Amino acid sequence: MEKLMQYTFSKDERLCSEKILARLYESGFVISKYPLRLNVLLLTEEEFTELLTLGSPTGTKYKGVIELRAQISINASKKRLKRAVMRNRMKRILREIYRHKKHQIYTDLASSGKYAAIGLIYVGTSEMDYWELEKVFDKVRRNLRERIVAAAAPRAATGNSLEG
RNA sequence: AAGGCAGUUCGUUCUAUCGAUCCAUGCAAAUGGGUAGGAAAGUCCGGGCAACGCAGGGCGCCGCACUUCCUAACAGGAAGGAAAUUUCAUGACUUAGGUUAUGGGGUUGACAGAAAGUGUCACAGAGAGCUAUACCGCCCGUAAAGUUUACUUUGCAGGUAAGGGUGAAAAAGUGGGGUAAGAGCCCACUCGUUCUAGCGUGAGUUAGAAUUGGGACAAACCUUGCGGGUUGAAAGACCAAAUAUAUCCGGAUCAAAGGGCGGCCCGCUCAAUAGCUUGCUAGCCGGAAGGGUAGGUCGAUGGAGAUACGCCGUGAGGCAUAUCCAAGAUUAAUGAUAGAAAGCACGGCAAAACCGUGUCUACAGAACCCGGCUUACAGAACUGCCUUUUGU
RNA sequence: CGGGAUGUAGCGCAGCCCGGUAGCGCACUUGCAUGGGGUGCAAGGGGUCGUGAGUUCGAAUCUCGCCAUCCCGA
């Protein structure tokens with residue numbers, strides 16, 4: 001039962017704050033594996049709860065069963081993919097992949113006590129299959145776990161640098 | 001039956017699992033329902049809507065341009081006119097190739113004005129534009145020479161646009177008369193222009209008369225007529241949050257953000273509320289400038305709305321009645337995966353049925369909303385026309 | 001979403017307003033000069049003027065429709 005609940009993708013899981021997005025692309029680190037590109041910004045618990053209340057206008061809290069650990073924004077470049085149909089299709093496939101795989105990222109984040117803002121960008125110039133893209137995503141996710149573990153060890157240093 | 005052209009319509013469906021968004025019900029959990037196109041595209045026109053501006057007129061700028069109608073409006077559409085082009089039939093001319101006239105059908109287009117003015121017409125050619133132009137040629141006169149004694153050649157002064165040549169284009173065309181040779185110089189027909197009459201709402205058309213008739217380009221400047229206030233949903237209205245008023249302008253206030261003198265810069269001088277460190281700080285309202293915030297609601301989906309039937313109109317379309325509500329996101333939904341079905345193509349067959357195979361099933365994604373235009377589009381169906389073949 | 005500009009030889013550009021010959025620099029080829037190379041000099045080749053129509057006797061140029069690229073606007 002709880003397993004099925006993990007596959008949701010509601011508004012609270014999407015990154016909407018302009019402020020955080022600007023910080024993400026300015027000071028977040030990058031994991032790149034063609035045709036995907038991942039911008040990640042690790043956050044503290046206070047920052048993340050503030051982000052959640054900002055997203056909902058009435059200040060209502062997230063009522064899901066599992067605890068949220070990340071917000072994501074999925075994009076496809078207009079320069080790489082000319083047609084709007086292709087851009088929409090790749091974004092939808094990426095969203096489905098993230099929906100099915102996000103619990104693995106959540107467990108990685110929970111093990112080191114971190115929260116994250118993620119920007120997932122499709123930088124390919126042609127369309128791809130769901131299954132091909134899932135393989136690439138797995139590699140990117142494994143890379144991300146190493147980075148999270150590395151960031152958890154010198155915790156104070158990274159936290160200060162993100163503040164500035 | 002096949003192919004081509006034009007037009008119209010449609011443009012995949014179902015099931016399972018996991019989701020997204022909106023609406024309704026509900027305290028909640030949840031349940032039920034809706035969810036992309038004909039072009040949503042290009043952003044090429046026209047409107048609605050919003051803010052700001054606005055005495056009236058002129059100039060300028062931009063756009064449009066056969067006629068009548070449709071429309072909220074339009075550079076859109078409908079019907080018509082004239083033209084161009086293509087095809088067929090008939091007639092005439094020609095040795096043939098072909099040319100030309102009339103009529104029918106199809107297609108096409110930003111079809112006002114060149115007799116208001118300016119400009120351009122390369123190269124070639126004698127000459128490229130209001131009574132133009134004489135290179136070759138033709139003709140008259142005259143002078144010289146030659147001789148067959150009425151001709152030839154050359155020069156000079158004229159006439160000539162018929163013939164040659166150049167060019168995209170050479171100053172209406174064809175035929176006849178006329179003449180020294182020629183010429184709309186005269187005549188007939190054709191074309192053009194103007195006028196009159198009939199028909200048509202009108203563009204025009206038909207008939208008659210007059211007329212020598214003054215190229216092309218306005219998608220060159222321009223002229224005439226008509227239209228246009230500017231900006232664009234990032235318009236605009238409101239709520240929340242946040243901040244800092246140094247400075248400048250105007251006003252309110254018992255008073256103060258200054259006044260007076262010399263022509264100006266500038267200098268001198270005088271006056272002023274409260275506080276205290278006695279020369280510094282500080283007060284209200286609106287605007288400019290600067291700073292802060294980066295969230296939400298409305299605008300925003302019931303409309304020049306869709307469907308059906310009836311009437312009017314050649315048609316675009318209009319009127320009346322009935323029924324219906326049919327996407328509404330905002331880091332941006334309308335999906336992903338799997339499996340069937342249907343269509344299509346190919347093969348197994350000569351055909352049908354059936355079976356098998358498949359890198360087949362397009363173009364393409366709302367972003368305030370409508371009316372058009374343009375462009376893209378696998379495949380399917382229907383209608384009209386044309387061509388070819390077969391049968392009667 | 002709303003504006004604007006550009007497309008010409010392998011590369012960078014001019015010519016377009018006001019129509020008639022497509023040109024400049026670098027690069028390329030050949031020759032000369034040098035013992036050889038560079039440099040220099042001379043000659044030469046190479047362009048559907050992005051694309052499809054229209055106006056015109058004639059279009060890179062004027063007009064319209066498409067295509068591609070780039071730049072602005074919170």
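All figures in this text were calculated on a predicted structure; none of them were measured in a lab.
With a cut-off of 3.5 Å on both Watson-Crick or G-U wobble distances, the partner of rA78(B) is given as rU68(B). Under the Watson-Crick or G-U wobble criterion, with both distances below 3.5 Å, rA326(B) is left unpaired in every strand shown. Here rG347(B) sits opposite rC355(B) as a Watson-Crick or G-U wobble pair (both hydrogen-bonding atom distances under 3.5 Å). Nucleotide rC319(B) has rG310(B) as its partner under the Watson-Crick or G-U criteria, with both atom distances under 3.5 Å. Searching all strands for a Watson-Crick or G-U wobble partner of rG200(B) with both distances below 3.5 Å returns nothing.
Mapping H100(A) and N75(A) onto RNA chain B by nearest heavy atom places H100(A) closer to the 5' end of the strand. Nearest-nucleotide assignment on RNA chain B puts the 5′-proximal partner with W131(A), out of W131(A) and A84(A).
The closest donor-acceptor contact from the side chain of R69(A) to the backbone of Y115(A) lies at 3.5 Å or more, if one exists at all.
Nucleotides rU55(C) and rU63(C) place their C1' atoms 8 Å apart, quoted to the nearest Å. One P atom belongs to rA145(B), the other to rC140(B), and the distance between them is 22 Å to the nearest Å. As rounded to the nearest Å, rA183(B) and rG178(B) have P atoms that lie 13 Å from one another. Spacing of P atoms, rA333(B) relative to rC5(B), comes out at 41 Å, to the nearest Å. Here, rG109(B) and rA6(B) have their P atoms 13 Å apart, quoted to the whole Å. Atom P of rC369(B) sits at a distance of 11 Å from the matching atom of rA234(B), rounded to the whole Å. As rounded to the nearest Å, rG76(B) and rU307(B) have C1' atoms that lie 25 Å from one another.
Residue-level contact check: R87(A) touches neither bases nor backbone, having no heavy atom under 4.0 Å from any strand. R14(A) comes within contact range of the sugar-phosphate backbone alone, with a heavy-atom separation under 4.0 Å but no base atom that close. As judged by a 4.0 angstrom heavy-atom cut-off over every strand, L21(A) is placed among the base-contacting residues.
Between H100(A) and Y7(A), the ring-plane angle classifies as tilted under the 30° and 60° cut-offs.
For the OP1/OP2 pair of rA41(B) and a distance below 4.0 Å, the side-chain nitrogens and oxygens of K82(A) include no atom meeting the criterion. Between rU334(B) and R92(A), a contact under 4.0 Å exists linking OP1 or OP2 to a side-chain N or O. In this structure, R95(A) reaches the rU334(B) phosphate: one of its side-chain N or O atoms is under 4.0 Å from OP1 or OP2.
Contact check on K135(A) versus D138(A) returns no salt bridge, with no Lys/Arg side-chain nitrogen under 4.0 Å from an Asp/Glu carboxylate oxygen. Using a 4.0 Å cut-off between charged nitrogen and carboxylate oxygen, K102(A) and E13(A) count as a salt-bridge pair.
An anti base is found at rU142(B): its glycosidic angle is more than 90° from 0.
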Step-by-step side chain to side chain donor-acceptor pair (under 3.5 Å) determination, R141(A) to Q104(A): CA-CA 9 Å; R141(A) 192 179 48 76; Q104(A) 299 177 347; 2.8 Å; yes
